[in-house]
Amino acid sequence: MEQSDITSLIPIVITLIISLTTRNVVVGLFAGVLSGVAMLNGLFTTLDPFETFGVMVKSYISPQLTDSYNAGVIVLLVFIGGFVALMEKSGGGLAFAEKVTLWVKSKFQAQTSAWLGGIIIFFSDLGTPLIVGPVFRPLFDKLKISRQKLAFIIDSTSSPVAILIPFIGWGVYIMGLIQKEFTALNVTDITDWDAFLGAIPYQFYAILAIAIVPLVALKKLDFGPMAKVEAIASKGELHASSDISKEIFTHKNAKASFVWVPLLVMGAVLVFMLAPLGFPFEKVSGSVFRSALSTAYFFAAFTLIILMAMNKVRSLSDGISVYMKGMGNMMQVAIILILAWTLSSVGKELGAAAYIAEQAQNGFPYWLVPAVSFLLAAIISFATGSSWGTFAIMMHLVIPTAIAIDAPLFACIGAVLSGGLFGDHCSPISETTILSSTGAGCDQFEHFKTQLPYALLNGGIALVSFLIAGIFDNPLIFILALIAQVTLVVTLAKLTPENMFNKSKLVTN
């Protein structure tokens, strides 16, 4: 029985407070679910932790595991985890990236090559820094480009690229959160796939983060602390710190084909299974699509295991061990998803979605929902250093609100994703910040400090774009965002003291 009053928000508030306090989203979600179960079953009065925990597992968590949609998502994530681990431990990524560097002769070519390398290795946001970084580090040093610039480039092409692709771990995870809310709200005219694709043009921050790299590289438009470290690096003074050579798997027999052949197999399997059903021109059920993806990832992994064995990089048993370990590494992601699904179900029973919608209808302007969602997601992500955890918390709040007051749904979903990514980029404790600085071989705080002005610039443009999207709801707004980015970057670069000093020297000479 739903109770549409403010007490229905208690589990969400507990989740937020504990997540921000402990900087651990799993702990926060668990506490939120536990408190909600206690409220629903009157267990706060008995103060019996054993009964509360037992009811939570039996009546709330277990049903999430037996749901066919949820089970399909978790199975797919496990297959993705195994494949990504094989890619990272095959040495193929390093061999592939080294091929790219053969034609690089200038600073612009080096920066755009690292940028393209990050885009091409889209299947692993965490693997990108540890593959692209070590390959391009010697080249950046040779061409007198700062390690901080390399860290910025690989950070701008890891999560921002991964969040735009529906058939890897990011997309599958996000669609799982979206579908849970659609099911709870009885939304049948839009699928999770439709919503994810529809939100892509509204992922303003991800688009801007990717676009700023070639813009800065082409015209040497550095500003803020980055301009200063680039000036120092141009004199041959490099600030290097970490050495991650032991963390990167290399092998003399590893080949670039370890990357493109498995991906080719994956694409061929998808075409073979889905093309007869009319995909992508006709709608395919989510269960069929997830089944095809799981199959494609499995055969891609099988291909890579065989390639490694044939080239004597890893034995069959060793390759299988890496694959199984990669599957196990997805356990934390699965836990976050299960707890997020459970919190959504508990919140629905308490009437949280109904209460939020009721309050929103009482005067909150629909056009503000995207901008407010972006800001809230950014704050949570910044404080916790977890964009995925932020998505789990925010989708439960934003989708019901958007549907209740007829706010632009795709823009609202894009705002949650953009805000989570923006906060993650600004956070010195986020995993991508740490890995990007590690991969580039520069100090973590130096990377945070030099990237922050670019992130704030893109975040500011994204915020204004969401205000506009709330009113006009046009997917082409991202073009205006890109124009604003070019204008502001050029202006800020001209105002940078280092650039002004260099120009004055040219005039004097």
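Only a predicted model underlies this, so the values are computations on that prediction, with no experimental measurement involved.
Between Tyr173 and Phe391, the ring planes lie tilted relative to each other; the angle falls in the 30° to 60° range.
For the pair Ser437 and Arg147, the minimum side-chain heavy-atom distance is 4.5 Å or more. For the pair Asn70/Ile338, no side-chain contact is recorded, criterion being any heavy-atom separation below 4.5 Å from C-beta on. By the 4.5 Å heavy-atom criterion applied to side chains, Arg290 and Val75 are not counted as neighbours. Within the 4.5 Å cutoff, side-chain heavy atoms of Tyr202 are placed close to those of Asp473. For the pair Lys89/Arg314, a side-chain contact is recorded, criterion being any heavy-atom separation below 4.5 Å from C-beta on. When side chains are defined from C-beta on, Leu150 does not count as touching Cys442, because their heavy atoms never get closer than 4.5 Å. Side-chain contact between Val416 and Ile399 is absent, with no heavy atoms from C-beta onward closer than 4.5 Å. Counting heavy atoms from C-beta outward, Leu185 and Pro400 have side chains that approach closer than 4.5 Å.
Annotation for Phe410 and Asp194: closest pair CZ-O, 4.0 Å, computed over non-hydrogen atoms. Closest of all the heavy-atom pairs between Pro201 and Pro475 is CB-O, 3.4 Å. The nearest pair of heavy atoms linking Gly423 to Ser381 is C-OG, 3.6 Å.
Take Tyr205 and apply the ring pair (Phe, Tyr, Trp, His ring centres under 6.0 Å) test, not counting sequence neighbours, and it matches Phe422, His425. In this structure, the ring pair (Phe, Tyr, Trp, His ring centres under 6.0 Å) partners of Phe204, at least two apart in sequence or on a different chain, are Phe466. Applying the side-chain contact (heavy atoms from CB on, under 4.5 Å) rule to Val26 yields the partners Asn24, Gln332, Ile335, Ile336, Leu339; only residues at least two apart in sequence or on another chain are considered. Not counting sequence neighbours, the partners of Lys449 by the side-chain contact (heavy atoms from CB on, under 4.5 Å) test are Pro225, Phe445, Glu446.
Note that the CE atom of Met394 and the CG atom of Leu376 stand 4.5 Å from one another [nearest 0.5 Å]. The OG atom of Ser156 sits 10.0 Å away from the CD1 atom of Ile119 when rounded to the nearest 0.5 Å. A distance of 10.0 Å separates CH2 in Trp170 from CZ in Phe196, rounded to the nearest 0.5 Å.
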Result block: side-chain N/O donor-acceptor pairs under 3.5 angstrom for residues 255-272, not counting sequence neighbours:
none

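Residues Lys149 and Asp222 are paired through a salt bridge, judged by an N-O separation under 4.0 Å between the basic side chain and the carboxylate.
Sorted by first then second residue, the salt bridge (charged side-chain N to carboxylate O under 4.0 Å, His left out) pairs that include residues 375-395, not counting sequence neighbours, number zero.
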Query raised in the report: When you look at Glu230 and Ser146, which way does the side chain to side chain donor-acceptor pair (under 3.5 Å) test go after all the steps?
Result: CA-CA 6 Å; Glu230 280 294 285; Ser146 69; 2.4 Å; yes
Requested in this report: Assess whether side chain to side chain contact (heavy atoms under 4.5 Å, CB included) is satisfied between Phe140 and Ile153, documenting all intermediate values.
Outcome: CA-CA 12 Å; Phe140 272 52; Ile153 292 172; 4.0 Å; yes
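Aromatic ring centroids of Phe302 and Tyr323 lie 6.0 Å or more apart.
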